[in-house]
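Beneath this line is the structure, given in structure tokens, with notes to follow.
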There are 2 protein chains.
Amino acid sequence: MPATLRDVARLAGVSPSTVSRALSTPAVVNAATRARVQAAAERLGYQPNRAARGLITGRTGNIGLVVPDLANPFFPSVVKGVQARARQSDVAVFLADTDEDAVEEVVLVRALAKQVDGLILCSPRASEEDLLAVAQETNVVLVNRLVEGVPAVTFDNEGGMRQAIAHLVALGHRRIAWVGGPRTSWSSAHRIIGLYAAANDNGVDLLEVGHFAPTYDGGMAAADQAVATGATAVVTYNDLVAIGLLARLHARGISVPDDLSVVGIDDIAMSRMTRPALTTVRLPKQKAGQIAVELLLAVLDDPDPDTIIGTRGTLHGELIVRDSTGVASDPARP
Amino acid sequence: MPATLRDVARLAGVSPSTVSRALSTPAVVNAATRARVQAAAERLGYQPNRAARGLITGRTGNIGLVVPDLANPFFPSVVKGVQARARQSDVAVFLADTDEDAVEEVVLVRALAKQVDGLILCSPRASEEDLLAVAQETNVVLVNRLVEGVPAVTFDNEGGMRQAIAHLVALGHRRIAWVGGPRTSWSSAHRIIGLYAAANDNGVDLLEVGHFAPTYDGGMAAADQAVATGATAVVTYNDLVAIGLLARLHARGISVPDDLSVVGIDDIAMSRMTRPALTTVRLPKQKAGQIAVELLLAVLDDPDPDTIIGTRGTLHGELIVRDSTGVASDPARP
DNA sequence: GTGAAAGCGCTAACAT
DNA sequence: ATGTTAGCGCTTTCAC
């Protein structure tokens, strides 16, 4: 049986409320008694029961984190960032993996919502209405998704795409293919906007190659179509797709970067392990998780809609040049 | 404000206790009233407050999951297994990542322990004493680690290593190097036992190459020493190490599998994406997570030490042959 | 089969 | 500055 607040009170010879105060509002209690209480608590190994506290304060000290698929290395990074920051504030994290299922996602979110002070939804697949509904009932921070009126931390997709295009243009590329992600992906939609803007500014022909699963297999599937565009460089929805693409190109005997340059997005750990290593736009994944927690904490402390509505952080990507874009001053056609 | 049990009681025209019973012990309440209660609950979107329930039942309906490093793809797989199984039983999962820090691990475990019914510790780095101490205070299930008297789900390391050696022997290898994992790794220690047993039975020379970080960089670091042993094949602590090793070998112009064969352990997704693709021993990672939850649930239902002590599941690995062991009937020396 | 009452461990007025 | 009282939302005796 763990010690309760009453046990501490008895041992310290004070009332329960004094113990409560000594522990959560130390400033308001006499230094001497405070010491006595702390000693007693120490001796009993007292740990407040968070559930009981939550029952009365309405705060659980827990947050929920929902991600589409932990098997995609992008998400573990975000999770690590969330964890690390949450721990600093003594907040525990419920994690839920939706297996990329938009329906399951909403169910899980609803279930979690009851037990936490707030939720971080990372790259949610749910519809905008569903997300708004959830945001109505509970504190929500979005990561990698923007919904009007909901606090969010996103990546500067347009800026990232500009960097990728600028790099490729500098290497002489003028025909560039884009391998899109899932049709419902918010980031995919926004990346292509940035691509078109950059392409226009640079006199580049942009060739869309449709939508593919955000996976290795998706990249394998996209490769032939990307080649068929006649582009000299390909930008993909994410690194996993780029790596799948690399594999298929190799199988076909198409050399990267000699015949075709490839650029990914994310900079997952795997990207420096491929051959050739993958040029990519590094997204500050852990940082995003960390900031999401900070945003959520801010929302919890001040749930005033006026301050919060539209609160958002935008994180910038960083171009990481590796061998998959080599040096191709005279990019050959495959 | 979410609806409370009293709200439901009022709407259904019954007492709170009846509502409570109708929802948690449906059998014991009249069918008609039960229906009325359920209708009312439905209409109000009533969700029981788990914290309040936990306060009285002593059960939170939550479990904690602690892993060393989500960045190692092995762990997200286990986490997914845990999640999936926990969800089925309407149990929520707290996740903590210790960043491979044994001290932090114990701290985190202690903190989590207060808020959950039980803990799943995956590949814990803490000392046996610390783990025993924790297991004393709270319900614990270990994954990939064995401590006397603590329920655990482990992998059949010896069997896995036998398969790896048998495969290599069949290909003609007689000098095989082993790249070990962290000094404190339980599985590393047990894998080497299996290796020696299998090596003895097959007249194979086993060459230990020391201890390395369980990472890509660890594999890079190990490669040269592995080559220097004069072995014709290398087995590594895990796939990540094998992949790092592959990279370094390639940089040195050593061909795999022509000059040297490589076998990993785990079968992470990345292993089929390397060049050459990695032969490995597949560990049922998700399954391990799933079983860990089942074990924990069993412990919770029947905390009788006699039934539980020593409860354990052993999962078997499966050899996955890919190109990194090619066909080398006449394995050349590098 | 159902209701009334008590209380899980804690905090927050309200007194003092 | 400290103690007293009440109650968060729920389950569970104990009566009926």
Side-chain angles (χ1 to χ4, degrees), chain A residues 1-41 44-62 90 92 111 113-117 138 300, chain B residues 1-41 44-62 90 92 111 113-117 138 300:
Chain A
M1 275 303 96
T4 82
L5 184 141
R6 293 178 96 91
D7 299 330
V8 178
R10 210 168 305 138
L11 182 63
V14 297
S15 81
S17 26
T18 302
V19 176
S20 175
R21 282 187 282 251
L23 267 36
S24 26
T25 331
V28 80
V29 57
N30 186 308
T33 43
R34 188 199 318 151
R36 219 141 36 84
V37 169
Q38 272 162 353
L44 265 43
Y46 170 72
Q47 300 271 130
N49 180 326
R50 283 171 158 233
R53 173 182 294 172
L55 202 51
I56 177 153
T57 60
R59 295 265 297 247
T60 61
N62 301 329
D90 199 29
K114 307 295 163 189
Q115 319 192 49
V116 299
D117 299 333
T138 173
L300 295 180
Chain B
M1 277 300 97
T4 84
L5 183 141
R6 293 178 95 89
D7 298 332
V8 178
R10 209 168 305 136
L11 183 61
V14 296
S15 80
S17 23
T18 300
V19 175
S20 175
R21 282 188 282 253
L23 266 38
S24 23
T25 329
V28 81
V29 55
N30 188 307
T33 41
R34 188 199 318 151
R36 216 139 38 84
V37 169
Q38 273 163 352
L44 264 45
Y46 171 71
Q47 301 271 129
N49 180 326
R50 283 168 158 239
R53 172 183 296 173
L55 202 51
I56 176 154
T57 61
R59 296 263 302 245
T60 61
N62 302 328
D90 199 29
K114 306 295 163 191
Q115 317 191 52
V116 300
D117 298 333
T138 172
L300 296 179

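To find a chain, count down the sequence lines: A is the first, B the second, and so on, and within it residues start at 1.
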- Query: Does the side chain to side chain contact (heavy atoms under 4.5 Å, CB included) test come out yes or no for A:Val19 and A:Val14, once each step is laid out?
  - Reply: CA-CA 7 Å; A:Val19 176; A:Val14 297; 3.7 Å; yes
- Query: Can B:Arg21 and B:Val37 be said to form a side chain to side chain contact (heavy atoms under 4.5 Å, CB included), step by step?
  - Reply: CA-CA 10 Å; B:Arg21 282 188 282 253; B:Val37 169; over 6 Å; no
- Item | A:Arg50 and A:Asp90: CA distance, side-chain angles, deciding distance, side chain to side chain contact (heavy atoms under 4.5 Å, CB included) verdict | CA-CA 11 Å; A:Arg50 283 171 158 233; A:Asp90 199 29; 3.0 Å; yes
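Close to C:dG3, at under 4.0 Å from its OP1 or OP2, lies a side-chain N or O of B:Ser15. Within the 4.0 Å cut-off from OP1 or OP2 of D:dT2, at least one side-chain nitrogen or oxygen of A:Thr33 is found.
When each of C:dC8, C:dG3, D:dC10 is scored by its nearest atom to the side-chain atoms of B:Arg53, the top-ranked nucleotide is D:dC10. The nucleotide whose nearest atom lies closest to any side-chain atom of B:Arg6 is, among D:dC10, C:dC8, C:dT11, D:dC10. Of the listed nucleotides (C:dA12, D:dC10, C:dG3), C:dG3 has the atom at the smallest distance from the side chain of B:Arg21. Side-chain proximity of B:Asn30 to the nucleotides C:dT2, D:dT12, C:dG9 is greatest for C:dT2. For A:Asn49, whose side chain is taken as the heavy atoms from C-beta onward, the closest listed nucleotide among C:dT2, C:dC8, C:dG9 is C:dG9. Nearest to the side chain of B:Thr18, among C:dG3, C:dC10, D:dT2, sits C:dG3. Distances from the side chain of B:Thr4 to the nucleotides D:dT4, C:dT11, D:dC10 place D:dC10 closest. Picking from C:dC10, C:dG9, D:dC10 the nucleotide with the shortest atom distance to the side chain of A:Tyr46 gives C:dC10.
In this structure, B:Ile56 places its CD1 atom 15 Å from P of D:dG9, rounding to the nearest Å. A:Arg10 places its CZ atom 20 Å from the P atom of D:dT2, with the value rounded to the nearest Å. Between the CD atom of A:Gln47 and the P atom of C:dC10 there is a distance of 11 Å, given to the nearest Å. Whole-Å rounding puts the A:Leu55 CG to C:dT11 C1' distance at 10 Å. Distance, B:Lys114 NZ to C:dC10 C1': 16 Å, rounded to whole Å. Going from atom CZ of A:Arg59 over to atom P of C:dG9 covers 24 Å, rounded to whole Å. One can place CG of A:Asp7 at 9 Å from P of C:dG9, the figure rounded to the nearest angstrom. One interatomic measurement links the two molecules: CG of B:Leu44 to C1' of D:dG9, which rounds to 15 Å at whole-angstrom precision.
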- Item | Watson-Crick and G-U pairing of DNA chain D written in dot-bracket, each distance under 3.5 angstrom, with | for inter-strand partners | ||||.|||||||||||
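Contact between B:Tyr46 and B:Leu5 at its shortest, heavy atoms only, is CE1-N, 3.4 Å. Taking all atoms of both residues into account, the shortest heavy-atom contact from B:Gln115 to A:Ala92 is NE2-CB, 3.8 Å.
In terms of modelled atom types and a separation under 3.5 Å, the side chain of B:Asp117 and the main chain of B:Thr60 share a donor-acceptor contact.
Atoms CZ and OG1, from B:Arg34 and B:Thr25 in turn, are 11.0 Å apart once rounded to the nearest 0.5 Å.
Under the side chain to side chain contact (heavy atoms under 4.5 Å, CB included) rule, A:Thr18 has a single partner from A:Ser15, A:Pro16, A:Ser20, which is A:Ser15.
Residue-level contact check: B:Arg50 touches neither bases nor backbone, having no heavy atom under 4.0 Å from any strand.
For C:dA4, its base sits under 3.5 Å from the side chain of B:Ser17 at one donor and acceptor pair at least.
Between B:Gly13 and A:Ser20, the one whose closest nucleotide on DNA chain C sits nearer the 5' end is B:Gly13.
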